[in-house]
Amino acid sequence: MSRVLLKFSFQFSGYIRHSSALSHTVIMTRTNLFHFPQRSFADDEKSRLPRLNEFGNVENKSKEVFLTVINGYDVREVHKRNHVEFIYGALKQMKDFGVERDLEVYKAIVNVMPKGRFVPRNFLQAEFMHFPKQQICIMHLLEQMEDNGVIPDAELGELLVNIIGERGYAVRRFMRMMYWMPKFSKLSPWPLPTEVPREPFDLAMLAVKRITSVDPSTVISVFSTRDVEDSIDDTWIISGQSPVQQELLASHNKKSPVYIEGAFRIWLRKSSVYYFVLRGDPRPPPDPVETDFDDVSSFSAGNIFRPPVSEVAVQPSVHEQEDGVFYAVCCTGSSGKDSLLSWVRLMQKTNPILGEVPILFKFSSPNRDIVTTDGKNMDGGDQSKTDSQKQDDETAGGNR
């Protein structure tokens with residue numbers, strides 16, 4: 001029995017020595033032979049910076065030059081080295097070249113990637129994002145397309161399938177964009193052109209049409225301050241007023257003033273326009289009618305399901321809101337008080353009541369000075385008052 005125990009103890013001690021040596025070898029193998037340095041996001045940005053010079057050193061920035069740089073990289077780099085960094089550099093420079101909304105340029109950038117190399121071979125590779133760096137790069141490109149309102153097409157989908165396969169995450173995002181973006185592009189009741197005009201007059205005309213679209217009968221008129229005597233400003237005026245607004249203004253109480261308020265801002269994509277409104281005080285609601293339900297003197301069988309005539313009120317129009325009745329809207333070239341005075345004088349031809357009611361200006365300049373926390377502007381002046389306290393409530397005169 002003692003021999004058996006002694007033999008077992010020798011075997012067990014040998015097993016312990018072998019296990020400790022094997023574990024030490026595994027630790028040494030993990031720490032020394034397979035040590036991978038971690039790469040931070042800052043290192044990725046540094047690796048992409050040299051690729052930005054390919055687009056930044058170009059003087060004539062146009063679509064043709066941008067495509068020439070992409071084709072030059074495609075011819076020069078046969079093995080497509082650093083293609084991800086090149087794509088990131090191209091995406092950052094698209095706005096400077098004015099091609100951030102061009103679908104052809106996006107397809108040329110995607111075409112830089114090698115075909116077939118990143119296609120997953122099985123289901124597990126597809127679900128665990130095979131080649132994540134390349135797929136994330138493509139998803140950043142698709143995200144930039146979505147931000148700029150660029151709707152992809154079937155040709156771009158074929159390129160993505162040839163690059164990362166049908167089950168790639170970037171292809172799934174492409175499919176969602178193909179489904180939702182055409183729907184959302186036609187959903188707005190106030191559609192705008194892809195490129196809004198740059199001229200102030202055209203922008204103002206587009207803004208007035210969009211504001212007055214709540215009433216299809218609105219008539220938009222274009223005036224010039226030259227038609228008004230003693231006018232200081234020499235500019236244009238775009239006015240919008242409907243026949244319903246003219247009737248509301250004609251029934252306005254002559255003892256109650258009307259207000260010219262502004263400047264308000266409306267955004268047309270990346271451009272803003274200032275506009276002004278001609279507003280009156282809100283009209284009081286009709287007095288409640290006291291009904292004696294016990295009085296059956298005027299009872300008739302035909303009026304059982306019909307409300308009394310005295311309780312029927314006229315439905316207010318879309319121009320009668322809780323904060324006032326809006327009579328007209330306008331945009332001027334200078335957004336100044338003199339141009340608004342000219343607007344009122346020109347509107348008197350179709351609205352004679354404007355010469356009989358007092359007109360008050362609630363006019364605030366659209367220009368804003370930079371104000372520090374101590375209440376002083378950058379020029380050293382005192383700006384302790386807010387913009388609302390500095391609004392001008394000036395009477396322009398009742399009998400004009």
Side-chain angles (χ1 to χ4, degrees), residues 190 192-193 195-215 217-243 245-246 249 257-280 319 324-370 379 387-388 390-400:
W190 300 283
L192 288 174
E195 295 293 336
V196 296
R198 297 181 179 272
E199 293 295 329
F201 179 84
D202 299 332
L203 274 175
M205 179 65 72
L206 197 61
V208 173
K209 288 182 179 180
R210 185 166 189 173
I211 295 170
T212 58
S213 62
V214 294
D215 191 348
S217 63
T218 302
V219 178
I220 298 178
S221 306
V222 179
F223 303 114
S224 177
T225 55
R226 297 179 183 178
D227 301 334
V228 180
E229 297 181 359
D230 302 331
S231 178
I232 300 176
D233 290 347
D234 184 8
T235 184
W236 44 263
I237 301 173
I238 300 177
S239 175
Q241 189 181 39
S242 66
Q245 289 175 307
Q246 291 182 0
L249 183 57
V258 295
Y259 306 93
I260 295 180
E261 296 182 345
F264 303 105
R265 176 182 292 182
I266 180 174
W267 285 94
L268 304 174
R269 297 199 184 278
K270 297 183 179 181
S271 303
S272 63
V273 180
Y274 293 98
Y275 67 95
F276 301 85
V277 295
L278 181 66
R279 182 187 65 85
H319 308 289
V325 183
F326 294 89
Y327 299 125
V329 63
C330 82
C331 291
T332 67
S334 61
S335 298
K337 186 168 62 177
D338 185 76
S339 61
L340 296 176
L341 288 171
S342 302
W343 176 49
V344 173
R345 293 175 183 174
L346 291 168
M347 286 186 63
Q348 289 182 7
K349 299 178 182 179
T350 55
N351 303 274
I353 194 175
L354 290 176
E356 303 175 9
V357 297
I359 301 175
L360 301 181
F361 280 84
K362 289 187 175 181
F363 181 78
S364 59
S365 175
N367 299 325
R368 297 286 188 265
D369 295 331
I370 300 177
D379 297 332
D387 293 333
S388 60
K390 297 179 67 178
Q391 287 183 346
D392 298 331
D393 285 344
E394 301 179 4
T395 305
N399 300 322
R400 191 173 303 276

Rounded to the nearest 0.5 angstrom, the OG-CD distance for S271 and E199 is 11.5 Å
For D227, salt bridge (Lys or Arg N to Asp or Glu O under 4.0 Å) partners two or more places apart: none
CG-CG distance between L268 and D202, expressed to the nearest 0.5 angstrom: 11.5 Å
Would you say CH2 of W190 has more than 12 non-hydrogen atoms from neighbouring residues, nucleotides or ligands within 6.0 angstrom? no
For D338 and I232, indicate whether the former's side chain and the latter's backbone hold a donor-acceptor pair under 3.5 Å. yes
Taken to the nearest 0.5 Å, the spacing of W343 CH2 from L278 CG works out to 5.0 Å
Measure the CE-CG distance between M347 and L249 for me, rounded to the nearest 0.5 Å. 6.5 Å
In this structure, CH2 of W236 is separated from OG of S334 (nearest 0.5 Å) by 8.5 Å
Whether the side chain of R269 engages the backbone of L192 through a donor-acceptor N/O pair (distance < 3.5 Å, no angle test) should be reported. yes
Correct closest heavy-atom pair for G262 and F276 would be CA-CD2, 3.5 Å
Step-by-step side chain to side chain contact (heavy atoms under 4.5 Å, CB included) determination, F361 to L341: CA-CA 10 Å; F361 280 84; L341 288 171; 3.6 Å; yes
Residue pair Y275 / I238, side-chain heavy-atom distance below 4.5 Å: no
Exercise: identify the closest heavy-atom pair between S224 and L346: O-CD1, 4.0 Å
To the nearest 0.5 Å, tell me how far D215 CG sits from Q241 CD. 10.5 Å
Contact check, side chains of H319 and S242, non-hydrogen atoms, under 4.5 Å: yes
Main-chain N/O of D233 paired to T225 side chain as donor or acceptor, under 3.5 Å: yes
Taking all atoms of both residues into account, what is the closest heavy-atom pair of R210 and I266, and its distance? CD-CD1, 4.4 Å
Which pair of non-hydrogen atoms, one from C331 and one from V273, has the smallest distance, and what is that distance? SG-CG1, 3.9 Å
Check: S221 side chain, S239 main-chain N or O, donor-acceptor pair, under 3.5 Å: no
Give the C-alpha distance, both sets of side-chain angles, the deciding distance and a yes or no for side chain to side chain contact (heavy atoms under 4.5 Å, CB included) between C330 and I260. CA-CA 10 Å; C330 82; I260 295 180; over 6 Å; no
Between the main-chain N or O of N351 and the side-chain N or O of Q246, is there a donor-acceptor pair closer than 3.5 Å? no
With sequence neighbours left out, what residues match E261 under side-chain contact (heavy atoms from CB on, under 4.5 Å)? Y259, F264, V277, R279, K362
